2 protein chains.
Amino acid sequence: MVQKSKRPPVTKIDAPVPPKRRGRPRAYEPDVALGKALELFRKDGFAATSLDDLSAATGMNRPSLYGAFGDKRELFIKSYRRYRDDARAAMADVFRNELPIRKRLERIYAVALDIYLESGPRGCFTVMTAASEAVHDPDIRAMVLEGFGELDKAFAACFRLAKQKGELSGSADPTVLAQLASATIHTIAIRSRAQVPRKELEAIVNGAIDVMLRA
Amino acid sequence: MVQKSKRPPVTKIDAPVPPKRRGRPRAYEPDVALGKALELFRKDGFAATSLDDLSAATGMNRPSLYGAFGDKRELFIKSYRRYRDDARAAMADVFRNELPIRKRLERIYAVALDIYLESGPRGCFTVMTAASEAVHDPDIRAMVLEGFGELDKAFAACFRLAKQKGELSGSADPTVLAQLASATIHTIAIRSRAQVPRKELEAIVNGAIDVMLRA
DNA sequence: GGAATTTTTTGCGAAATGGTACAAAAAAGT
DNA sequence: ACTTTTTTGTACCATTTCGCAAAAAATTCC
């Protein structure tokens, strides 16, 4: 048998190929279910979200939930990972786009605010998780710290580039500025959760940008 | 009756006067019980702290707890109020002390870090509460917002004074700087909760102070 | 000493919680 | 048609949870 006979006819990277699974077909799409779970966890936090709530929101009954995602903690972690992937994707473009530093920062914060305020002020899931679960669960803590680190690094890269392009004074320290930029992310994440209106949050952001760029 | 006859014999403000209560004496001191409750809430958050936990920690059984502080939510609110009172008291001195601005900020952040890191990294209760309960409970949200507002105002007063004393450039905006100072509080509160070591938090603080004072 | 008052203690109960066992259902393979 | 495989749906379990009622204990007032 020189030639593989069952090769499928040149689907690109065969992503949406129905793979002819064997047993009863799933009644849900794991991705949208995970999205619903994330919504709930973001709204109420880990402890206040019951499996019944999750079951109702996803349309899956508890055994199915369990089979698909593991126990509550695993589901939380998978939801969190999903959040981070989404947030990272949303940020990626705007971070990549090498606009003048001021414009760049403005856009970054605008995207962040979109995330924090969408469908009710949900805040930043990383911050929420840090405040609650990260203390007790080492795995979750590691993810949270990774999130903070990534953000710091991304901001630092922005400031380094800006400095290199002469948009920043020579005495400016990209690392320090990055931490301040992250701090500004954190403060709007928290305040948004306490339902501070977007206008005020934007004012905070603009003030912070002014100070950072003048430094 | 010119002279009040039943005036008590000059106890200063009769604080530790046993008031001869009528029934069975309490087996606990409400203040220390509330302190224990606060400890628990700070460690685990509202939802993950059960009345049994609180009962065990305070030494009061559930009905006594209930009688003394009301239901779980009320107990949480009273614990939170206690936290705010304590934190405010701790900050009051250092905020009042009109040192040169840099020294003053350093001390403020040192006190904050003491609070956030005492007995395990507990973070800032206001930030924790904002992240979880403030979304759903208007009363709690009001307290949280009040907390943020107070902090912003206290920092603003610092910067106003500093500017007046010529320690700050004329272009510096005390309100904006105050929000950045609060943001720095928030970022170390969150990061401390994720167990970032004190050294790193102090580095963040020092960098932030540098930028704020150079602005 | 007895009544009044306040708190503690015990114990109940109804609901919710996380998790699981097991049969029925729905598909593919033979 | 029958078996295999996978998922669903129902029901259940043990535990925990919050809250409360009612009795017992400890104290002051008369």
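Remember, predicted model here, so these are calculated numbers, not experimental data. So that the names make sense, note that chain A is the first sequence line, chain B the second, and so on, each numbered from 1.
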message: Assess whether a salt bridge exists between A:Asp85 and A:Arg82, defined as any Lys/Arg side-chain N lying under 4.0 Å from an Asp/Glu carboxylate O.
response: no
query: With the threshold set at 4.0 Å, does a side-chain nitrogen-carboxylate oxygen contact exist between A:Arg141 and A:Glu133?
result: no
Return the value, rounded to whole Å, for the distance between atom [atom1] of [X] and atom [atom2] of [N].
{"X": "B:Arg62", "N": "C:dT10", "atom1": "CZ", "atom2": "P", "result": "12 Å"}
{"X": "B:Glu29", "N": "C:dT7", "atom1": "CD", "atom2": "P", "result": "15 Å"}
{"X": "B:Asp44", "N": "D:dT17", "atom1": "CG", "atom2": "P", "result": "11 Å"}
{"X": "A:Arg24", "N": "C:dA24", "atom1": "CZ", "atom2": "P", "result": "13 Å"}
{"X": "B:Phe69", "N": "C:dT8", "atom1": "CZ", "atom2": "P", "result": "10 Å"}
{"X": "B:Asp52", "N": "C:dA16", "atom1": "CG", "atom2": "C1'", "result": "14 Å"}
{"X": "B:Asp71", "N": "D:dT17", "atom1": "CG", "atom2": "C1'", "result": "13 Å"}
{"X": "B:Leu65", "N": "D:dT17", "atom1": "CG", "atom2": "C1'", "result": "14 Å"}

message: Taking the ring of A:Phe76 and the ring of A:Phe125, is the distance between their centroids below 6.0 Å?
response: yes
Given [options], identify the nucleotide with an atom nearest to the side chain of [X].
{"X": "A:Pro63", "options": "C:dT20, D:dT8, D:dC20", "result": "C:dT20"}
{"X": "A:Lys72", "options": "C:dT8, D:dC18, C:dG18", "result": "C:dG18"}
{"X": "A:Ser50", "options": "D:dC18, D:dT6, C:dT17", "result": "C:dT17"}

Has [X] got a side-chain N or O lying under 4.0 Å from the OP1 or OP2 atom of [N]?
{"X": "A:Asn61", "N": "D:dT8", "result": "no"}
{"X": "B:Tyr66", "N": "D:dC20", "result": "yes"}
{"X": "A:Arg26", "N": "D:dT7", "result": "yes"}

- prompt: Is the charged tip of A:Arg191 near the ring of B:Phe148: under 6.0 Å from the six-membered ring centre and within 45° of its axis?
  reply: yes
D:dT4 base / A:Arg22 side chain donor-acceptor hit below 3.5 Å: yes
message: Over all strands shown, is B:Thr49 touching base, sugar-phosphate only, or nothing at heavy-atom distances under 4.0 angstrom?
response: sugar-phosphate
- request: Please work out if B:Ser64 contacts a base, only the sugar-phosphate, or nothing of the nucleic acid, heavy-atom cut-off 4.0 Å.
  value: base
task: Could you verify whether a donor N or O on one side chain and an acceptor N or O on the other, from B:Tyr80 and B:Thr126, lie under 3.5 Å apart?
output: yes
- request: Find which nucleotide of DNA chain D each of B:Arg73 and A:Gly59 is nearest to by heavy atoms, and output the residue with the more 5' nucleotide.
  value: A:Gly59
